[in-house]
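Notes to accompany the following structure.
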Amino acid sequence: MNREVRVRFAPSPTGALHIGGVRTALYNYLFAKKNNGKFLLRIEDTDQNRFVPGAEEYIKDALEWIGVVPDESPWSEGQYGPYRQSERKPMYMQYALDLVEKGHAYYAFDTAEELEAMRERLTAARVVSPQYNSITRAQMKNSLTLPDDEVKERLASGDPYVIRIKIPRKEEVRLNDMIRGWVMVHSSTLDDKVLMKSDGMPTYHLANIVDDHLMHITHVIRGEEWLPSAPLHVLLYKYFGWEDTMPQFAHLPLLMKPDGNGKLSKRDAEKHGFPIFPLDWTDPTSGEKAQGFKESGYLPDAFLNFLAFLGWNPGDHREIFSVDELIEAFSIDRIGKSGTKFDINKAKWFNEQYLRSKLDAELAEYLLTDLSKEGISISQDKAESIVTLMKERATFPSDLWKEGKFMIIAPDTFDEGVAAKRWNNEAVTVLSTYRDKLLSLDDDLNPENAKTLLEAAAEENGIKLGKVMQAVRLAVTGIGAGPDLMQVFTILGKKELSKRIDFALDKLKVTV
RNA sequence: GGUCCGUUCGUCUAGGGGUUAGGACGUAUCCCUUUCACGGAUGAAACACGGGUUCGAUUCCCGUACGGACUACCA
């Protein structure tokens, strides 16, 4: 059997795509590309009550942002469409009926109240897990207990019903997970899950098996939260007679909270002030806003690299991987088994690495964009010069503007701590002399002559330059830290520089 | 509660019957730098516990503890 590898990412459009979902999508994508297969996206919208407007577009946009674009999806259908389960609705009933005919499923007419009463009864009787199963179904209203006539009558009269799978009483169900190895579950612990809901929609369990089969899915790579229901899925493949083409399963470890215990959630993001969604998201009902990785300044390739390493590693010590390199290196057997705590510091580190590898011209675009929002415009050359000086110390592109502001706007205040410690008469003397020298300089300023002049200004007054350097920096930039001063002076130019010195001399005089 | 899954430095992890248990993030110290950052160097820091199996177990097996997921006419 030599089937083309086909994998799917199957989110439900119930809100913003969570980072764990993005990782699942990424692993599916990497696996597909590694094996020259296809990566498809299927929207699992069988629950009409949970539909959230905009969620589907969000999924699409998020995947596009990191370049994990499906080969087949609702927006670029392949030959096994539709790719939205709501649009596949007419296809499912026949499969459910097939199971009823084969005796592996049955009609159930119990109302919500009756189900609740059953659970209460069992709980009162101290039954460990109250569920609709091979024992309890005998007491319920279904096509196994009701006379045939009544069943026919109820169906004919439009009585609401569901179709449930008939889980065998005693059977060992086993599956060979690609990550976890053999997992065995006894059917007596499984319940008769609903396959078709009373609204005529299939449940996830039925829909995903039918669709995966029809779409020729070869591998199901999904989160660990699905592991408990995987045996049910195996049973369904068996009852449909699709065992020989049953996909291989790989259940991914979960993404956990950075502190404490539990699955990573939106609350953690709020608590720690880091994003959990790839893109900005505003909840359409509550109006709640959540910031995305993109809008927080994470570069898509850095984000993707970071994500890939949440639960997977190449087995050597390399960490910086392009998408192509990830595809080349990826394999499911190098995915870990245990839950992964989310560490935003690592994400920042990846972002810094990618930021520094970017061309100055590209980074200058970010700076220019930020500046235009402030109503400031500077030349491309100047922007690139600033980027050159700032990119080694930036985590996000927005830091270019935030941290490099002093090269664009003259300071109007001065760091008080630095002033108190470093500002003195010697600094004033050197700075005045330097200002005069700048004014009589014919050439444009460059790092060399800026330095020569400053050294001369210090020497003429018998002052060691090192003693006043911090004061000089303070006078020109307003702060006590930053990139090489002579480079900064060059970007400023002699006119601006002398203007700033004058301003500082005037403003700081009183504090001496 | 039940079922299933898991457990190597604070975090992500490599490793695998005999290793000085390796790397990365973070952290500490030092160097570079008349600043800060970058960079470089160095350090602290881990096999959950108890039984087996074995000449030898962090590695294999079984328990225990702890953690997690699931336990809907949600996915």
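Keep in mind that the numbers below use all heavy atoms, side chains included, and drop hydrogens, waters and symmetry copies. Letters A, B, ... mirror the listed sequences (proteins, then strands); counts begin at 1.
Using atom C1' as the reference point in both C62(B) and U54(B), the two lie 16 Å apart (nearest Å). Taking the P atoms as reference points, A41(B) lies 37 Å from A57(B), given to the whole Å. On the C1' atoms, G52(B) is 40 Å away from U27(B), given to the nearest whole Å. Atom name C1', nucleotides C4(B) and U19(B): the rounded distance is 35 Å, in whole Å. With C1' as the reference atom, U58(B) and G51(B) are 16 Å apart, rounded to whole Å. For the P atom pair drawn from G2(B) and A24(B), the interatomic distance equals 44 Å after rounding to whole Å. For U8(B) and G23(B), the C1' atoms lie 13 Å apart once the distance is rounded to whole Å. Taking the C1' atoms as reference points, G6(B) lies 39 Å from G40(B), given to the whole Å.
The pair R154(A)-D159(A) meets the salt-bridge criterion, with a side-chain N (NZ, NE, NH1 or NH2) lying under 4.0 Å from an Asp/Glu carboxylate O. Ion pairing between a basic and an acidic side chain is recognised when a charged N comes within 4.0 Å of a carboxylate O; R42(A) and E44(A) show such pairing. Salt-bridge check for K437(A) with E460(A): passed, with a basic side-chain N closer than 4.0 Å to an acidic carboxylate O. Using a 4.0 Å cut-off between charged nitrogen and carboxylate oxygen, D191(A) and R164(A) do not count as a salt-bridge pair.
Rounding to whole angstrom units, OH of residue Y354(A) and C1' of A24(B) are separated by 14 Å. Atom P of nucleotide A69(B) and atom NZ of K341(A) are separated by 13 Å, given to the nearest angstrom. Atom CZ in F306(A) sits about 14 Å away from atom C1' in U13(B), given to the nearest Å. At whole-Å resolution of the value, NZ in K402(A) and C1' in A37(B) are 17 Å apart. Separating the CZ atom of R334(A) from the P atom of C12(B) is a distance of 17 Å, rounded to the nearest angstrom. If you take CG of L264(A) and P of C12(B), they are 12 Å apart, rounded to a whole angstrom. What separates CG of L252(A) from P of G6(B) is a distance of 14 Å, to the nearest Å. Atoms CZ (R180(A)) and P (U3(B)) sit 19 Å apart, rounded to a whole Å.
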Hey, can you pull the donor-acceptor pairs under 3.5 Å for the side chains in residues 93-100 of chain A, sequence neighbours left out?
| unit_1 | atom_1 | unit_2 | atom_2 | d |
| --- | --- | --- | --- | --- |
| Q94(A) | NE2 | M91(A) | O | 3.4 |
| D98(A) | OD2 | K102(A) | NZ | 3.1 |

Distance-only donor-acceptor pairs under 3.5 Å for side chains of residues 468-481 of chain A, two or more places apart:
| unit_1 | atom_1 | unit_2 | atom_2 | d |
| --- | --- | --- | --- | --- |
| Q470(A) | NE2 | G480(A) | O | 3.3 |
| R473(A) | NH1 | P483(A) | O | 3.2 |
| R473(A) | NH2 | P483(A) | O | 3.1 |
| T477(A) | OG1 | R473(A) | O | 2.8 |
| T477(A) | OG1 | I479(A) | N | 3.3 |
| T477(A) | OG1 | I479(A) | O | 3.1 |

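Qualifying salt bridge (Lys or Arg N to Asp or Glu O under 4.0 Å) partners for K346(A), counting only residues two or more places apart in sequence or in other chains: E319(A). In this structure S198(A) satisfies the side chain to side chain donor-acceptor pair (under 3.5 Å) test with no other residue, sequence neighbours excluded. Legend: residues meeting side chain to side chain contact (heavy atoms under 4.5 Å, CB included) with K266(A), ordered by chain and number and at least two apart, are E270(A), F277(A). The side chain to side chain donor-acceptor pair (under 3.5 Å) test applied to K358(A) returns D301(A), not counting sequence neighbours. Contacts of E384(A) classified as salt bridge (Lys or Arg N to Asp or Glu O under 4.0 Å), with partners at least two apart in sequence or in another chain: none. Take K391(A) and apply the salt bridge (Lys or Arg N to Asp or Glu O under 4.0 Å) test, not counting sequence neighbours, and it matches D360(A). With sequence neighbours excluded, the residues forming a salt bridge (Lys or Arg N to Asp or Glu O under 4.0 Å) with E56(A) are R84(A), listed by chain and number.
Of the nucleotides present, none pairs with C32(B) by Watson-Crick or G-U wobble criteria with both distances under 3.5 Å. Taking a pair to require two hydrogen-bonding distances under 3.5 Å in either a Watson-Crick or a G-U wobble arrangement, U71(B) pairs with G1(B). Base pairing analysis places G18(B) opposite C55(B); the two distances defining the Watson-Crick or G-U wobble pair are each below 3.5 Å. Nucleotide G63(B) is matched to C49(B) when pairs are restricted to Watson-Crick or G-U wobble geometry with both distances under 3.5 angstrom. Base-pair partner of A44(B): not found among the strands shown (Watson-Crick or G-U wobble, both distances under 3.5 Å). Nucleotide C9(B) has no partner under the Watson-Crick or G-U criteria, as no pair reaches both atom distances under 3.5 Å.
Closest-nucleotide positions on RNA chain B for Q470(A) and F342(A) were compared, and the one nearer the 5' end corresponds to F342(A). Residue-to-nucleotide proximity on RNA chain B shows that, of T340(A) and A394(A), the 5′-proximal contact is made by T340(A).
For the OP1/OP2 pair of G68(B) and a distance below 4.0 Å, the side-chain nitrogens and oxygens of S338(A) include no atom meeting the criterion. For the pair N313(A) and U13(B), the criterion of a side-chain N or O lying under 4.0 Å from OP1 or OP2 is not met.
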Check the interface with nucleotides 25-30 of chain B: list each N/O to N/O pair with the protein under 3.5 Å, or write none.
| unit_1 | atom_1 | unit_2 | atom_2 | d |
| --- | --- | --- | --- | --- |
| C25(B) | OP1 | W349(A) | NE1 | 3.4 |

What does the list of N/O pairs under 3.5 Å between the protein and nucleotides 63-67 of chain B look like, with a distance for each?
none

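L465(A) comes within 4.0 angstrom of a nucleotide base, judged by non-hydrogen atoms across all strands. Residue-level contact check: N208(A) touches neither bases nor backbone, having no heavy atom under 4.0 Å from any strand. Among the heavy atoms of the strands, none lies under 4.0 Å from M201(A). Residue-level contact check: G336(A) touches neither bases nor backbone, having no heavy atom under 4.0 Å from any strand. Contacts of P253(A) with the nucleic acid, taken as non-hydrogen atoms under 4.0 Å apart, are absent.
Residue K197(A) qualifies as enclosed at atom NZ: its count of foreign heavy atoms under 6.0 Å is above 12.
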### Query
Nucleotide by nucleotide, 5' to 3', does protein get under 4.0 Å of the base (B), only the sugar-phosphate (S), or neither (-) in nucleotides 70-75 of chain B, counting heavy atoms?
S--BBB

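Among C5(B), U13(B), U3(B), the nucleotide with an atom closest to any side-chain atom of T189(A) is U3(B).
In this structure, F330(A) has its ring center no closer than 6.0 Å to that of F321(A).
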